Amino acid sequence: MIKVLVADDQELIRQSLQIVLNSKENLEVTGVAANGQEVIREVRENKPDVILMDIRMPKMDGVQCTKIIKENYPEIKIIILTTFDDDEYVYNALKFGASGYLLKGVSMDELVDSIATVYSGRAMINPDIATKVVRLFSQMARSDYKIQVGIKEPTDLTKTEWKVIGEVGKGLSNKEIAETLNFSEGTVRNYLSSILNKLELRDRTQLAIWAVQTGVTQKYGAFQTQGWPDEEQ
């Protein structure tokens with residue numbers, strides 16, 4: 001059963017999502033919140049698996065709330081659900097660790113599928129803004145701007161960890177990485193946990209951004225053709 005928290009400042013939307021999602025198999029709405037402060041209180045009390053987070057809420061907006069929650073509860077997945085598709089919101093929500101970004105107006109089936117997608121560890125971005133996100137990250141990669149994520153020098157990464165990072169940088173899911181490297185999904189998750197710990201990153205979204213910004217994917221390709229650092233598997 002996937003536990004879902006619905007956060008939106010409009011009561012009608014909160015109630016509607018609660019009713020519909022509770023009618024779906026394997027979904028349970030464990031709480032609703034009208035602002036960011038209520039979200040944090042609900043998280044402390046009920047520990048949801050996935051949060052549907054509105055961007056513009058009183059007292060604390062969805063972006064700031066996402067930052068606080070991912071810093072303290074990195075295992076919780078957050079889908080930003082909003083009517084706005086401004087670049088700043090897209091960038092900040094993903095930078096702080098959101099796993100998905102959907103525009104209000106998606107069908108209920110799409111929303112349910114998105115909840116299952118992020119719960120499984122993958123990312124979900126509405127097709128209407130996917131191009132915007134790709135363009136934004138591409139601009140970031142070509143600029144001198146860097147996301148501040150407290151990265152250490154990655155000198156102690158193993159050959160296999162570099163391989164996993166390279167595949168994450170390509171945008172592959174855990175399942176796709178497992179198939180590519182002939183691992184189980186559990187093994188991939190273990191490697192990702194080790195990598196995030198070594199690099200002091202919060203989640204795979206930040207890892208993917210770091211890989212793009214620092215050219216890790218290109219280094220990964222060079223390692224494949226020129227040889228790997230002299231480290232154990």
Side-chain angles (χ1 to χ4, degrees), residues 1-134 136 173 202-205:
M1 184 70 70
I2 302 175
K3 298 187 295 183
V4 180
L5 170 62
V6 176
D8 198 290
D9 64 345
Q10 297 183 44
E11 184 177 4
L12 179 59
I13 292 179
R14 292 197 305 273
Q15 292 180 347
S16 298
L17 288 175
Q18 185 175 25
I19 292 170
V20 175
L21 292 177
N22 274 333
S23 70
K24 301 296 183 180
E25 186 178 0
N26 297 326
L27 292 182
E28 177 189 5
V29 177
T30 57
V32 295
N35 59 65
Q37 292 180 1
E38 291 183 7
V39 171
I40 293 173
R41 184 165 60 248
E42 285 287 338
V43 165
R44 289 171 179 164
E45 293 177 358
N46 296 313
K47 299 295 192 302
D49 299 308
V50 177
I51 302 175
L52 298 180
M53 182 88 75
D54 188 22
I55 280 286
R56 296 194 177 187
M57 296 185 294
K59 299 184 180 179
M60 181 190 300
D61 66 34
V63 171
Q64 183 64 23
C65 190
T66 295
K67 181 177 185 294
I68 292 173
I69 290 172
K70 294 301 289 188
E71 286 176 345
N72 293 279
Y73 305 93
E75 73 281 3
I76 294 177
K77 311 301 182 184
I78 298 175
I79 297 176
I80 299 297
L81 189 62
T82 181
T83 57
F84 303 95
D85 64 347
D86 186 86
D87 284 354
E88 180 182 355
Y89 289 126
V90 174
Y91 165 67
N92 283 328
L94 296 175
K95 178 183 72 172
F96 291 138
S99 297
Y101 196 107
L102 298 176
L103 299 181
K104 290 179 178 177
V106 298
S107 71
M108 190 54 61
D109 286 343
E110 289 176 304
L111 181 56
V112 170
D113 288 344
S114 297
I115 292 172
T117 294
V118 301
Y119 178 71
S120 70
R122 294 172 291 164
M124 181 64 212
I125 299 178
N126 188 289
D128 292 340
I129 62 171
T131 301
K132 180 188 293 288
V133 172
V134 171
L136 178 62
S173 67
R202 286 194 297 272
D203 50 46
R204 66 180 295 131
T205 300

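Just so it is clear, the structure is predicted and the values come from calculations on it, not from any experiment. Throughout, residue positions are numbered sequentially from 1 according to the sequence presented.
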Those residues at least two apart in sequence (or on a different chain) that pass side-chain contact (heavy atoms from CB on, under 4.5 Å) with Ser99 are Lys77, Val118

Taken to the nearest 0.5 Å, the spacing of Glu110 CD from Ile115 CD1 works out to 12.5 Å

Here the gap from Leu5 atom CG to Ile76 atom CD1, rounded to the nearest 0.5 Å, amounts to 8.5 Å

Whether over 12 other heavy atoms sit under 6.0 Å from Lys47 NZ: yes

I'd like to check Leu81 versus Leu17 (side-chain heavy atoms, cut-off strictly below 4.5 Å). Are they in contact?
yes

Rounding to 0.5 Å, atoms OG1 (Thr66) and CE (Met53) come to a distance of 4.0 Å

In this structure, CZ of Phe96 is separated from CD1 of Ile80 (nearest 0.5 Å) by 11.0 Å

Residue set satisfying side-chain hydrogen bond (donor to acceptor under 3.5 Å, both in side chains) with Arg122, at least two apart, ordered chain then number -> Ser120

Are any non-hydrogen side-chain atoms of Leu52 and Leu111 less than 4.5 angstrom apart? yes

OG (Ser114) and CG (Leu102) are apart, to the nearest 0.5 Å, by 4.0 Å

Sequence neighbours excluded, the answer for salt bridge (charged side-chain N to carboxylate O under 4.0 Å, His left out) partners of Glu71 is Lys67

Residues 33-42 side chain polar contacts: donor-acceptor under 3.5 Å, at least two apart:
unit_1 : atom_1 : unit_2 : atom_2 : d
Asn35  : OD1    : Gln37  : N      : 3.0
Asn35  : OD1    : Glu38  : N      : 2.9
Glu38  : OE1    : Ala34  : N      : 2.7
Glu42  : OE1    : Asn46  : ND2    : 2.7

Let me check something: any side-chain donor-acceptor pairs from residues 19-27 under 3.5 Å, sequence neighbours excluded? List them with distances.
unit_1 : atom_1 : unit_2 : atom_2 : d
Asn22  : OD1    : Val29  : N      : 2.8
Asn22  : ND2    : Gln18  : O      : 3.2
Ser23  : OG     : Val20  : O      : 2.5

Applied to residues 3-12, the side-chain hydrogen bond (donor to acceptor under 3.5 Å, both in side chains) test, sequence neighbours excluded, yields Asp8-Lys104, Glu11-Gln15

When every non-hydrogen atom of Pro48 is compared with those of Val4, the smallest separation belongs to CB-C, 4.4 Å

